[in-house]
Amino acid sequence: MTSQLKKMKNMLKLTSIDLKKVKTETLIIPVCEDKTIHDSPTISLLIKKAKQLKEFTGKKDDKVIFYDIKEVKAKRVMFLGLGKLEKIDAEALRTFAGRAVKKCMKINLTEVLLAGPCGKNIKIAIASVLEALMEGAFLGNHIFDKYKKEKKLKPLKRINLLVKADMIKKYNKLLTRISTVCAGTILAREWVSTPSNYKRPEQFTRSIVAFAKKENLTVRVLNEKALKQKGFNAMLAVAAGSQSKARMVILEYNPKRAGKKRIALVGKGVTFDSGGINLKPTGSLEGMKADMSGAAAVAATLITAARQKLDVRVVGVIPIVENMPSGSACRPGDIVKSYDGKTVEIGNTDAEGRLILIDALSFCIKKYKPHTIIDIATLTGSCVIALGEKIAGVLSFDDELAKAIELSGEKTHERCWRLPMPDDYKELLKSDLADIKNISSSRWGGAITGALFLSEFTENARWAHIDIAGPAYIKKGDGYCGAGGTGFGVRLFCDLLDKI
Ligand code: BES
Ligand code: ZN
Ligand code: ZN
């Protein structure tokens, strides 16, 4: 285990202390607007006092702080509003915990004690309440300030979650799982937030390899020579314009106890998508450092699976390139022979994600014959137009697999919505000169035609495609995620892996 991971894991603790006896610096009490959600008499009494103030009713985001009060041995008690009971679901609790942590950071606190709600009024299972609070607190306590000289906010050193004594043992396993999965999400977030000049393909590859090796994953990297030799020509066409060479990273997690069944994850790793010769306009270029979010999600999921010692065999295939225009770049109209032998006409060099993914998908299916293969990619602007910035698109011919992804999406709040893949839309990808074209002849339905293009390279595999162009990145932080990469996909996959 890395020391950074150890530090992160020790950050969150379950504790059960007597508030009247044990001294704490800061006690945070979540307060519901209309019902009681605590069964400790001391806490109930304190809430009653807080609610006597006109300015505090328990409305969402209400806040009031009491100092040095006699009922508890805390320097300060911070009451935070959760809103009406009927509105409190897992996501509301994650957001609540994330915001609470941010508020504490802003006033330079280092250690807090958060009173976990547990009264009978709460309709969600106690395990889900704790899980949501832990996730929100852990993820909300992350700041990406690596590139700032002046670090204004410091993450809290310790967040204690106050629970009943008999719950500590029962939920400590849950705590370990959540901490590991959230540390994986943060790893993905940091990769995505890293500027493109610090993660050019060779560098991004080295970073993934370093983390993967620490967790004893089997690591293989195909360099440009190997890629050429093996015929990854669609992928190489995308990389051709960049000074930085293409890489294919293959991570294998092979736990001893697992059977033969193998799940494959494939992630789009474009470290910067300028559009290539079909250069993107100003306004569309700025977010394109995040075009490797699929790759980040896949690498972080494998690393997390190993840290968790999951009982599932997983392989991650991660094509990494930079899409740049130059004298050596591929051109619209070029025809390339993909890894599986089909020829592709490059109608638009900005539809580069699908070019690197088809080579990765066919290679992965041929070499590993996975039980299920899922690719995750910031593939199309159309998907963002269809579903907005917070929901990913899921495209699959397999109803059961699509449903399982949607369900894990609901559970983790990494929301996924299925889009159709009608057979007749394949017409739109016809090329006069090659076997297929990388863009559609229609302006509309780009998320669908993007997926249909991929599907031509998935043979008969049980496959799904997740388009995360919307939710991979946020410009403005909120709740339990700061501005930048969201790590979308890691929590989703960690929930999904042993269910498919
Ligand atoms: N990386 C983009 C997709 C994207 C758009 C990601 C917005 C995040 C936010 C992708 O490579 C792309 O440029 N897609 C084109 C495809 C088109 C040329 C067929 C698109 O969606 O416009
Ligand atoms: Zn593009
Ligand atoms: Zn792209």
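Ligands are counted one by one from 1 in listed order, and the atoms in each one are counted from 1 as well. Since the structure is predicted, the reported quantities are computational estimates derived from the model, not experimental observations.
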Where ligand 1 meets Glu352 - atom numbers and elements under 4.0 angstrom, heavy-atom basis: 11 (O)
The Zn ion (ligand 3): which protein N, O or S atoms are under 2.8 Å away? Lys268 NZ, Asp273 OD2, Asp291 OD2, Glu352 OE2
among protein heavy atoms, the one nearest atom 6 (C) of ligand 1 is Ala469 CB, 3.6 Å
Is Asp340 salt-bridged to Lys366, going by a charged N under 4.0 Å from an acidic O? no
Please work out whether the ring planes of His465 and Trp463 are parallel, tilted or perpendicular, with thresholds of 30° and 60°. parallel
With rounding to the nearest 0.5 Å, note down the distance linking CZ in Arg462 to NE2 in His371. 5.5 Å
Does any N/O atom on Asp350 come nearer than 3.5 Å to any N/O atom on ligand 1? yes
In terms of its nearest heavy atom to atom 20 (C) of ligand 1, the top option of Ser440, Gly381, Pro471 is Gly381
Intermediate values then yes/no, side-chain hydrogen bond (donor to acceptor under 3.5 Å, both in side chains), Asp435 and Thr343: CA-CA 5 Å; Asp435 297 327; Thr343 57; 3.1 Å; yes
Between Ala300 and Gly184 the two heavy atoms that sit nearest each other are CB-O, 3.4 Å
Salt-bridge present (Glu190, Lys146; N to O < 4.0 Å): no
Under-4.0 Å salt bridge between Arg262 and Glu252: yes
Is Asp399 salt-bridged to Lys403, cutoff N-O under 4.0 Å? no
In ligand 1, the atoms that come under 4.0 Å of a heavy atom of Ile439 are 19 (C)
Atom 17 (C) of ligand 1 sits nearest the protein heavy atom Ala351 CB, 4.4 Å
What is the nearest protein non-hydrogen atom to atom 16 (C) of ligand 1, stated with its residue, atom name and distance? Arg354 NH2, 3.9 Å
Would you say Lys280 and ligand 1 have an N/O pair spaced under 3.5 Å apart? yes
Any Lys268 heavy atom less than 4.0 Å from ligand 1: yes
Over all atoms of both residues, closest heavy-atom pair of Ala296 and Phe204: N-CZ, 4.3 Å
So which of Ile468, Val270, Asp273 gets nearest to atom 2 (C) of ligand 1, if we judge by its closest heavy atom? Asp273
Using a 4.0 Å cutoff against the non-hydrogen atoms of Met288, which atoms of ligand 1 qualify? 1 (N), 4 (C), 5 (C), 6 (C), 7 (C), 8 (C), 9 (C)
Does this structure show an ion pair linking Lys411 with Glu131, if we count only N-O contacts that are shorter than 4.0 Å? yes
Can you figure out which of Asp291, Leu379, Val384, Thr380 has its heavy atom closest to atom 10 (C) of ligand 1? Leu379
Please work out which of the three classes, parallel, tilted or perpendicular, describes the rings of Tyr339 and Phe363, given edges at 30° and 60°. perpendicular
Between Asp291 and Lys268, does any NZ, NE, NH1 or NH2 come within less than 4.0 Å of an OD or OE carboxylate oxygen? yes
